[in-house]
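Contents: one structure, followed by commentary.
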Amino acid sequence: PAAIVVPGQYEHYADYAERVRRILEKFTPAVECAALDDFYLDFTGTERLYPDFPGTLRRMQQTVSNETGLGVSVGAATSKLVAAVASRLHRPRGFRIIPPGTEEEFLAPLPVEKLHGIGHAHAATLAERGIETIGQLRQVPFLALEAAFGKVIGGQLWERARGRDAREVHAPI
């Protein structure tokens with residue numbers, strides 16, 4: 001009852017998102033805007049250009065901060081799913097690189113809610129069955145997930161628990 005409602009300023013958010021996107025494109029042209037505050041970047045083939053990949057990502061993070069005043073989190077991985085989880089762990093200025101082949105190990109101890117698409121309802125259903133971590137979810141057979149959540153959602157949960165995500169970065173043409 002004592003809440004003070006402040007209207008959003010979408011035009012300012014959009015302006016900052018565009019400024020951030022332009023900065024990111026200085027590092028790689030493959031920048032996909034997933035939401036106003038979510039971007040996916042593809043650095044495939046830039047190994048010779050950026051031999052110090054962690055240093056490049058830190059420079060990119062610092063450039064965004066210097067030029068916009070915004071703190072951004074960076075998560076790097078072989079899939080969008082794992083990169084998104086990594087970037088969200090220590091917001092607003094987190095930094096995490098998940099080396100190839102360590103995705104399952106990274107995800108295992110995390111709560112199932114950290115996976116994209118698992119909201120409170122699915123998390124509650126899983127918790128009722130004693131499944132609270134992504135590692136525990138990974139132990140559930142595919143057919144059991146399909147029976148509990150349906151073919152599409154069950155399949156997504158099975159794939160995501162393993163860090164699998166075949167979606168590519170789609171930069172605007």
Is the backbone N or O of [Y] less than 3.5 Å from a side-chain atom of [X], with the two atoms forming a donor-acceptor pair by type?
{"X": "Ser87", "Y": "Gly75", "answer": "no"}
{"X": "Arg160", "Y": "His116", "answer": "yes"}
{"X": "Glu18", "Y": "Tyr16", "answer": "no"}
{"X": "Arg138", "Y": "Glu104", "answer": "yes"}
{"X": "Glu47", "Y": "Phe53", "answer": "no"}
{"X": "Arg91", "Y": "Ser73", "answer": "no"}
{"X": "Thr133", "Y": "Gln136", "answer": "yes"}
{"X": "Ser79", "Y": "Arg164", "answer": "no"}
{"X": "Thr68", "Y": "Val64", "answer": "yes"}

Return the minimal non-hydrogen interatomic distance between [X] and [Y], and the atom names on each side.
{"X": "Phe106", "Y": "Ala86", "result": "CZ-CA, 3.8 Å"}
{"X": "Val112", "Y": "Ile118", "result": "O-CD1, 3.5 Å"}
{"X": "Ala161", "Y": "Leu107", "result": "O-CD1, 4.3 Å"}
{"X": "Thr28", "Y": "Val31", "result": "O-CG2, 3.3 Å"}
{"X": "Pro51", "Y": "Arg48", "result": "CD-O, 3.7 Å"}
{"X": "Phe27", "Y": "Phe43", "result": "O-CE2, 3.8 Å"}

Please check if [X] and [Y] belong to a single hydrophobic cluster, counting links between Ile, Leu, Val, Met, Phe, Trp and Tyr side chain heavy atoms closer than 4.5 Å.
{"X": "Leu143", "Y": "Leu145", "answer": "yes"}
{"X": "Ile131", "Y": "Phe142", "answer": "yes"}
{"X": "Tyr10", "Y": "Leu70", "answer": "no"}
{"X": "Leu49", "Y": "Leu41", "answer": "yes"}
{"X": "Leu137", "Y": "Ile98", "answer": "yes"}

Arg22 and Arg19: CA distance, side-chain angles, deciding distance, side chain to side chain contact (heavy atoms under 4.5 Å, CB included) verdict: CA-CA 5 Å; Arg22 284 194 308 263; Arg19 290 170 61 188; 3.5 Å; yes
Do [X] and [Y] come within less than 4.5 Å of each other through their side chains, counting heavy atoms only?
{"X": "Asp165", "Y": "Val82", "result": "no"}
{"X": "Val85", "Y": "Ile134", "result": "no"}
{"X": "Val72", "Y": "Phe39", "result": "no"}
{"X": "Leu81", "Y": "Glu159", "result": "no"}

Taking the six-membered ring of Phe95 as reference, does the cationic atom of Arg58 (NZ for Lys, CZ for Arg) lie under 6.0 Å from its centre and within 45° of its axis?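 The answer is yes, since Arg58 meets both limits relative to Phe95.
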Exercise. Tell me, with the steps shown, if Leu157 and Val140 meet side chain to side chain contact (heavy atoms under 4.5 Å, CB included).
Key: CA-CA 10 Å; Leu157 293 175; Val140 179; over 6 Å; no
Can you confirm whether [X] is buried at [atom1], in the sense that more than 12 heavy atoms of other residues, nucleotides or ligands lie under 6.0 Å from that atom?
{"X": "Glu105", "atom1": "CD", "result": "no"}
{"X": "Glu168", "atom1": "CD", "result": "no"}
{"X": "His170", "atom1": "NE2", "result": "yes"}

In Thr63, Leu57, Thr56, the residue satisfying side chain to side chain contact (heavy atoms under 4.5 Å, CB included) with Met60 is Leu57
Salt bridge (Lys or Arg N to Asp or Glu O under 4.0 Å) with Glu32: of Lys80, Arg21, Arg167, only one passes, and it is Lys80
